[in-house]
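Structure first, commentary second.
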Amino acid sequence: MSESVISSTAPSTPGSFGWNLEHSYSRLPAMLYEHLDPTPVKEPRMVVFNYALAQNLGLNGPALAQQPAVFAGNELPEGAKPLAQAYAGHQYGNFTGLGDGRAILLGEQVTPTGERLDVQLKGSGPTPFSRRGDGRAALGPMLREFIISEAMHALGIPTTRSLAVVTTGEKIWRQEMQPGAVLTRIAASHIRVGTFEWAAAHGDREALRALVEYTLQRHYPKRVGAETPGLALLEAAIERQAALIAQWQCVGFIHGVMNTDNMALSGETIDYGPCAFMDAFDPATVFSSIDRHGRYAYGNQPQIAQWNLARLAEALLPLLHADEKQAIAAANAAIESFKPQFESRWLSGMRAKLGLFTAEHGDNRLIETLLEWMRAQKADFTNTFHRLSAAENTLPLEDAAFAAWHAQWQERLGRQPQSAVEVQKHMQAHNPAVIPRNHKVEEALAAAAEHGDLSVMQRLLTVLGNPYDLSDSQSEYTTPSSGHAPGAYQTFCGT
Ligand code: AMP
Ligand code: MG
């Protein structure tokens, strides 16, 4: 049954730019996509290009950086067969048909190490899925996605990447006129929970089955050939999401719009819209201007991930068992496993942040006590953990509650065999010194979009590329977003 639906039969040779595009997705049932070309723009200009990523992809970065027309969709790279993917999604809990309304997949780049990665243009013009949208993207939000996705990658968190941003020479309307831009996004794939919801909503069991097989082969090859492929995929997706959300929680990342169309089956973080990093620790933190009820608040992210996975389970239900009752029982058992898996990943992540190599029963309590103190003090999440791992002591030991916690922590550290040096090294590898602070991101975007000055963003990208390293030159990036009262910073979808 598992004849490969993905790998090519004839090896291709990359041309001078290094493109090595394949199109396994277009062998899936036609209800899952529409072929169409990007819409050319007036005057493509390169704004930022990711040379390191280009190299990993086997692309000739220096040559391609001189080809803004390719990253604007005005010229197609060698071997491209553009398409827009169809998908549905639960947005803020409500089901809708969606699809790539402003994005086009050029193909899958097969890298020198044999990875298969989607190359997608975002902001590349209208598609049959655009509904009332213009198919375009503004420069600010595309640069924002570039900065934050690359920061996430450097933090070691699975994520889509950003290869390039070009401006289009066209203005687009977003409450005011803004420069148009196209982002080139690189992803393990763009298969979303919503892709399965699309096939299920159309009652197309064959498409659903093909999509399951394809996703297993592409992302979970070890599970190919499982007795119940739908269940194998559900379990695999649950495992990866539990790990991913735990990583988000451990760095204070708030996605902001965890709709089911923004959850990737690859387990990568995808769709950087109103996302932001938390400064002061508070589980209720929300930045997105449209998230009025805090559905996607920091502290809700694990539950929401589970809710989204339950929508995946519903979509897969017809493949889980011929008997509906038994199908539901299998789905429920899988979904219930999310919470313990998440908790276990979270606990491991938090132990590492506190320099704990061993496991003790009281660890959860130790961590919760620190977090409760941080919430009461409105302590900065990143800096508090970073200070715990710093060589020089800048801890607020004059605070009695903190001092009591600190004594317990030191006692706990004393009950493991690792030396102080080992503990510190471990902590420094798990507590970033720098994250994309909201005001630093805004400063870089303003310099780029309003004054055409890209140097501020380049410096920010350099610092964020090395988040676990703190040198003196980086210290200005560690200040919490001051001047903004808590809750005052707002992010927008930019759509
Ligand atoms: P997002 O909020 O970016 O996850 O997008 C949700 C849906 O809206 C997706 O189907 C997008 O393709 C679509 N969309 C967002 N912005 C636009 C736009 N400017 N034009 C057309 N479709 C859009
Ligand atoms: Mg989206």
Side-chain angles (χ1 to χ4, degrees), residues 32-34 36 38-39 41 72-73 82-105 118 120-146 148-149 159-160 162 165 167-168 170-198 201 254-266 268-276 287-292 295-296 304-305 308 311-312 490-495:
L32 293 168
Y33 56 86
E34 299 270 357
L36 87 157
T39 308
V41 301
L83 61 82
Q85 292 180 337
Y87 51 85
H90 277 83
Q91 300 191 303
Y92 294 90
N94 305 306
F95 184 78
T96 334
L98 296 162
D100 286 332
R102 55 164 174 169
I104 285 184
L105 178 68
D118 278 8
Q120 191 202 56
L121 301 180
K122 183 169 171 180
S124 52
T127 76
F129 307 108
S130 295
R131 293 170 294 160
R132 267 164 295 169
D134 61 3
R136 293 296 177 190
L139 178 59
M142 294 306 101
L143 291 179
R144 200 159 188 285
E145 169 153 350
F146 193 110
I148 301 188
S149 64
T159 176
T160 64
S162 299
V165 174
T167 45
T168 60
E170 297 169 6
K171 294 269 186 223
I172 59 170
W173 178 253
R174 295 289 185 275
Q175 279 136 339
E176 50 179 346
M177 291 310 268
Q178 294 204 14
V182 180
L183 169 84
T184 304
R185 177 157 71 181
I186 306 298
S189 83
H190 286 84
I191 303 166
R192 307 146 186 271
V193 168
T195 317
F196 293 86
E197 291 183 277
W198 172 270
I254 303 170
H255 183 285
V257 58
M258 288 175 71
N259 295 329
T260 57
D261 50 305
N262 294 337
M263 181 180 268
L265 268 283
S266 63
E268 286 183 338
T269 310
I270 192 171
D271 264 356
Y272 292 86
C275 62
F287 291 111
S288 172
S289 57
I290 57 170
D291 191 2
R292 294 208 176 79
R295 177 179 170 91
Y296 299 137
I304 289 291
N308 289 348
R311 305 290 78 75
L312 176 63
Q490 281 207 322
T491 55
F492 301 88
C493 264
T495 52

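A quick note: this is a predicted structure, and the numbers were derived from the prediction, not measured. All ligand and atom numbering here is 1-based and tracks the order in the structure.
Interatomic distance, T96 OG1 to D261 CG, rounded to the nearest 0.5 Å: 7.5 Å. Going from atom CD of Q91 over to atom CG of N262 covers 7.5 Å, rounded to the nearest 0.5 Å.
Qualifying side-chain hydrogen bond (donor to acceptor under 3.5 Å, both in side chains) partners for R311, counting only residues two or more places apart in sequence or in other chains: E314. Residues satisfying the side-chain hydrogen bond (donor to acceptor under 3.5 Å, both in side chains) test with E197, not counting sequence neighbours, are H90, T260. With sequence neighbours excluded, the residues forming a side-chain hydrogen bond (donor to acceptor under 3.5 Å, both in side chains) with N259 are Y296, listed by chain and number.
When R174, R102, K122 are each tested for a side-chain contact (heavy atoms from CB on, under 4.5 Å) with R136, only one passes: R174.
Look at V257 and you'll find every heavy atom at least 4.0 Å from all atoms of ligand 1. At least one heavy atom of G135 sits less than 4.0 Å from an atom of ligand 1. Ligand 1 does not have K122 within reach: every non-hydrogen atom of the residue lies 4.0 Å or more from it. Distances from ligand 1 to the non-hydrogen atoms of Q91 include at least one value under 4.0 Å.
There is a side-chain donor-acceptor pair under 3.5 Å between S162 and S149. For T159 and Y272, the side-chain atoms include at least one donor-acceptor pair closer than 3.5 Å.
When the heavy-atom distances from atom 19 (N) of ligand 1 to I172, T127, D134, L98 are ranked, the shortest goes to D134. Proximity annotation for atom 22 (N) of ligand 1: of G101, G97, G194, G101 comes nearest, heavy atoms only.
Near Y87, with a cut-off below 4.0 Å to any heavy atom, the atoms of ligand 1 are 9 (C), 10 (O). Near N262, meaning under 4.0 Å from any of its heavy atoms, are these atoms of ligand 1: 4 (O). The R136 neighbourhood of ligand 1 comprises atoms 19 (N), with distances under 4.0 Å to a heavy atom of that residue. Annotation for ligand 1: atoms under 4.0 Å from non-hydrogen atoms of D271 are 4 (O). Close approach of ligand 1 to R174 (heavy-atom distance below 4.0 Å) involves ligand atoms 19 (N).
Checked by distance only, ligand 1 and R131 come closer than 3.5 Å through their nitrogen or oxygen atoms.
Closest approach of R192 and D100 over heavy atoms only: NH2-OD1, 4.1 Å. The minimum heavy-atom distance between V193 and N308, with the atom names listed, is CG1-O, 3.8 Å.
Around the Mg ion (ligand 2), protein atoms of type N, O or S found under 2.8 Å number 2.
A donor-acceptor pair under 3.5 Å is formed between the side chain of E268 and the backbone N or O of A188.
Put simply, the side chain of D271 does not reach to within 4.5 Å of the side chain of V257, judged on heavy atoms.
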